[in-house]
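A short write-up of the structure that comes next.
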There are 2 protein chains.
Amino acid sequence: MASIRDVARKAEVAVSTVSRVLNSSGYVSEDTRRKVLSAMEELDYMPNEMARNLFHNRTNFIGVMVPDISHPFFAMVTKFIEEELYKNGYKVVLCNTVEKSNREKEFVDMLRRRIVDGIIMGAHSLEIEKYRNLNLPIVALDRIIEGIPNICVDHCKGGRLAAQALLHSGCHNVVQIMGCRKVHSYSEQRHIVFSEVMKSHGVQVRTVELAWNLFNFQEYLNVAKQVLDKMQDIDGIFATDQVAMAFIRVLLERGKRIPQDVKVVGYDGTSFAEGCSPSLTTVVQPMADLGKTAADSVLTLIKGGRLESDQILLDVELKQGNTTL
Amino acid sequence: MASIRDVARKAEVAVSTVSRVLNSSGYVSEDTRRKVLSAMEELDYMPNEMARNLFHNRTNFIGVMVPDISHPFFAMVTKFIEEELYKNGYKVVLCNTVEKSNREKEFVDMLRRRIVDGIIMGAHSLEIEKYRNLNLPIVALDRIIEGIPNICVDHCKGGRLAAQALLHSGCHNVVQIMGCRKVHSYSEQRHIVFSEVMKSHGVQVRTVELAWNLFNFQEYLNVAKQVLDKMQDIDGIFATDQVAMAFIRVLLERGKRIPQDVKVVGYDGTSFAEGCSPSLTTVVQPMADLGKTAADSVLTLIKGGRLESDQILLDVELKQGNTTL
DNA sequence: CGCTACATCACGAATACTTGCCATATTAAT
DNA sequence: ATTAATATGGCAAGTATTCGTGATGTAGCG
């Protein structure tokens with residue numbers, strides 16, 4: 001493929017002149033300009049971005065790390081991240097981490113090897129110590145890593161909203177399904193608050209913890225069956241949308257009526273929740289905002305700026321569906 | 001950050017020696033080797049990948065273009081693409097195209113600017129002419145572009161399977177919802193075959209075409225309402241999972257029983273189909289295979305190899321749910 | 001012991017490609 | 001003629017790799 005040198009040769013000018021035409025910088029006569037432009041066209045020249053990047057010491061890539069891109073929540077957030085980054089001239093390098101814990105370290109190394117300019121860390125990790133206090137353009141998505149700014153969702157409010165929804169619906173005996181505790185996510189908060197609120201109203205709460213890195217609907221169905229086998233008397237369920245859907249399916253199969261017999265509140269607000277029948281009452285996370293804010297934050301860090309706060313907290317809302325009263 | 005020069009200086013050897021240690025090539029005495037290694041450690045040196053790439057003229061990036069990463073089908077396929085590429089030392093650059101038709105051209109330009117080594121084109125396009133016969137490492141995912149190899153799904157069989165499912169359930173009057181015809185996708189075939197099979201059995205088929213780039217559940221609900229308003233007598237529906245879900249929701253809201261009154265067959269086999277209640281009978285696309293094959297195909301092209309065929313056709317299966325008899 | 005031949009090791013220069021700064025050259029205006 | 005503005009060229013920087021070449025060291029043979 002043609003290089004800037006080939007263009008220069010063809011247009012009979014110096015390489016630097018071609019560069020000037022390319023970047024519309026400095027002085028170039030209209031005549032030369034045309035010559036260069038037509039040489040470019042003839043040779044079908046495209047500037048080599050790698051050489052450019054080497055010079056500028058940037059890549060315009062941002063690494064986005066998620067546990068599972070096929071999970072609706074992460075897919076949606078990633079979509080908004082991509083959109084915002086694209087608007088700012090950056091591209092997304094995608095990385096799935098499920099069941100590959102060492103990839104997180106690799107990913108941070110990508111930053112140090114100048115493969116990406118920044119990282120949005122939306123993944124769950126078991127070895128956060130590895131990249132503490134790196135002081136590189138990294139932001140965490142809904143996770144707490146010491147020394148790394150995070151964009152989180154107000155899970156306390158989320159837990160409270162979920163609790164209130166089930167309380168209003170008259171639940172007395174509920175179960176909540178939470179992610180693996182080993183994952184240092186701020187989202188644990190919602191289960192703590194949920195529990196507190198429920199208990200303060202005299203409602204019995206049982207908590208079931210999922211295994212690490214579980215993102216598979218069949219597994220969710222198994223969990224639902226096990227839980228419902230063990231706890232036949234529950235009248236309320238709080239879990240992420242997908243897990244909630246699995247419970248609904250098992251409950252309906254067992255002849256329970258929703259919401260009359262059992263109430264269900266989801267968490268996430270993915271299209272899952274609106275797509276199903278009955279539609280799920282769920283705590284909606286601000287995925288668009290989350291994505292945009294995360295993107296803007298890394299960009300700020302890359303530009304050498306500082307974030308206003310080390311923790312940005314975004315709001316959640318309850319979306320009423322037909323699984324609660 | 002430290003460069004190879006800094007390491008060389010510190011270890012008191014030539015830059016090229018450091019390079020040899022780095023790449024374990026050529027002769028390096030054990031002594032020198034140790035010196036270099038410890039200098040690297042001390043300086044926390046990481047080779048600059050950009051410079052490497054410039055020299056080798058490769059980036060180890062593959063562009064993956066999808067209309068909407070938040071759509072479960074594309075999210076799932078992307079996941080498998082990423083997995084396979086990762087195994088082969090490549091990384092995914094993600095690009096969403098919905099409502100940005102010029103991005104496809106930009107994306108192909110990325111190839112020519114050496115930003116990515118290859119492209120998997122899973123997007124719908126209105127201007128395929130732009131990158132016909134480019135002879136670059138591009139493969140199309142379930143789309144037909146002249147001169148570009150494609151990995152497709154046997155939509156003929158898919159259409160037949162869907163038709164048979166509705167026939168077996170005793171439908172007499174069905175509607176199928178198809179994507180925008182402007183999108184040159186091989187998936188049109190399923191609707192043609194579906195129609196043929198149904199008609200050959202004396203079943204009336206009506207076809208509704210969606211607008212271009214429609215990936216939003218609310219819109220699907222609107223379409224479902226409109227269609228059901230207009231065609232009150234239909235007893236069978238064939239559409240992609242998400243659209244099918246919208247129909248189910250509207251049907252249930254209107255007091256119809258599924259599958260007694262209306263049968264529904266989906267297409268895709270995303271987790272949507274298994275997550276909902278009633279579970280959807282659907283034609284399952286081989287998403288894992290699709291992703292892996294697409295990834296392997298670009299890699300073959302990048303290595304200068306040739307694909308066995310310009311069209312690779314993957315199999316589909318019917319997954320029986322509770323929306324047909 | 002000394003010389004040749006070969007293996008081993010290290011280095012400099014060239015390469016990849018673009019950009020930015022400095023220097024030089026040309027033209028026009030005062 | 002001097003200054004300013006315009007136009008172009010040349011070279012270095014940015015970093016890692018590879019190749020050719022020179023410099024050692026070692027072994028074998030006469």
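Treat the numbers as computed from the prediction; the structure is a model and nothing was measured. Letters A, B, ... are given to chains in the order of the sequence lines, protein chains preceding strands, and every chain is numbered from 1.
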Could you work out which one of D:dT8, D:dT15, D:dA13 sits closest to the side chain of A:T32? D:dT8
Just wondering, more than 12 heavy atoms not from A:E106 lying within 6.0 Å of its CD? yes
Heavy atoms under 4.0 Å, any strand shown: does B:S19 hit a base, just sugar-phosphate, or nothing? base
C:dT18 P sits how many Å from A:R9 CZ, rounded? 12 Å
Is any side-chain N or O of A:S16 closer than 4.0 Å to OP1 or OP2 of C:dC21? no
Would you tell me if any nitrogen or oxygen in the side chain of A:T17 comes within less than 4.0 Å of OP1 or OP2 on D:dT8? no
Salt-bridge contact A:D6-A:R9 (side-chain N to carboxylate O under 4.0 Å): yes
Treating A:D117 as the side-chain partner and A:T59 as the backbone partner, does any N or O pair qualify as donor plus acceptor under 3.5 Å? yes
Name the residue closer to the 5' end of DNA chain C, choosing between A:A51 and B:E12 according to the nucleotide with the nearest heavy atom. B:E12
Sugar-phosphate, base or nothing in reach of B:N53, heavy atoms under 4.0 Å: nothing
Give one of base, sugar-phosphate or nothing for A:V15, where a contact means two heavy atoms less than 4.0 Å apart. base
Does a nitrogen or oxygen in the side chain of A:S3 sit under 4.0 Å from OP1 or OP2 of C:dA16? no
Euclidean distance, atom CG of residue B:D31 to atom P of D:dT24 [Å, nearest integer]: 17 Å
Between A:R33 and A:N57, the residue closer to the 5' end of DNA chain D by nearest nucleotide is A:R33
Can B:D289 and B:K292 be counted as an ion pair, charged N to O under 4.0 angstrom? no
So, is B:N23 close to the D:dT17 phosphate, meaning a side-chain N or O under 4.0 Å from OP1 or OP2? yes
Where each residue is assigned the nucleotide of DNA chain D containing its nearest heavy atom, which of A:L54 and A:V28 is assigned the position nearer the 5′ end? A:V28
A:E82 vs A:V64, side chain to side chain contact (heavy atoms under 4.5 Å, CB included): CA-CA, chis, key distance, verdict: CA-CA 9 Å; A:E82 200 269 349; A:V64 175; over 6 Å; no
Give a yes/no on whether any side-chain N or O of A:Y45 is located under 4.0 angstrom from OP1 or OP2 of C:dT18. yes
For the side chain of A:R20, counting heavy atoms from C-beta on, which of D:dG9, D:dT17, C:dG12 is nearest? D:dG9
Between CZ of A:R5 and P of C:dT18 the distance, given in whole Å, is 8 Å
Counting only side-chain nitrogens and oxygens, does A:Y27 get under 4.0 Å of the OP1 or OP2 atom of D:dT6? yes
A:R112 has an atom CZ; how far is it from atom C1' of D:dT15, in whole Å? 17 Å
Select one nucleotide: of C:dT18, C:dT15, C:dT19, the one nearest the side-chain heavy atoms of A:H56. C:dT19
Atom CZ of B:R52 to atom P of C:dC17: distance rounded to whole Å? 19 Å
Closest nucleotide among D:dT15, D:dT17, C:dT18 to the A:P47 side chain: C:dT18
Whole-Å distance separating the CE atom of B:M50 from the P atom of D:dA13: 18 Å
Contact check, side chains of A:T32 and A:R20, non-hydrogen atoms, under 4.5 Å: no
In whole angstroms, the gap separating C1' of C:dC17 from CG of A:L22 amounts to 11 Å
When you get a sec, tell me which of D:dT18, C:dT18, D:dT15 is the closest nucleotide to the side chain of B:F55? D:dT18
Taking atom P of D:dA13 as reference, at what distance in whole Å does atom CD1 of B:I4 sit? 18 Å
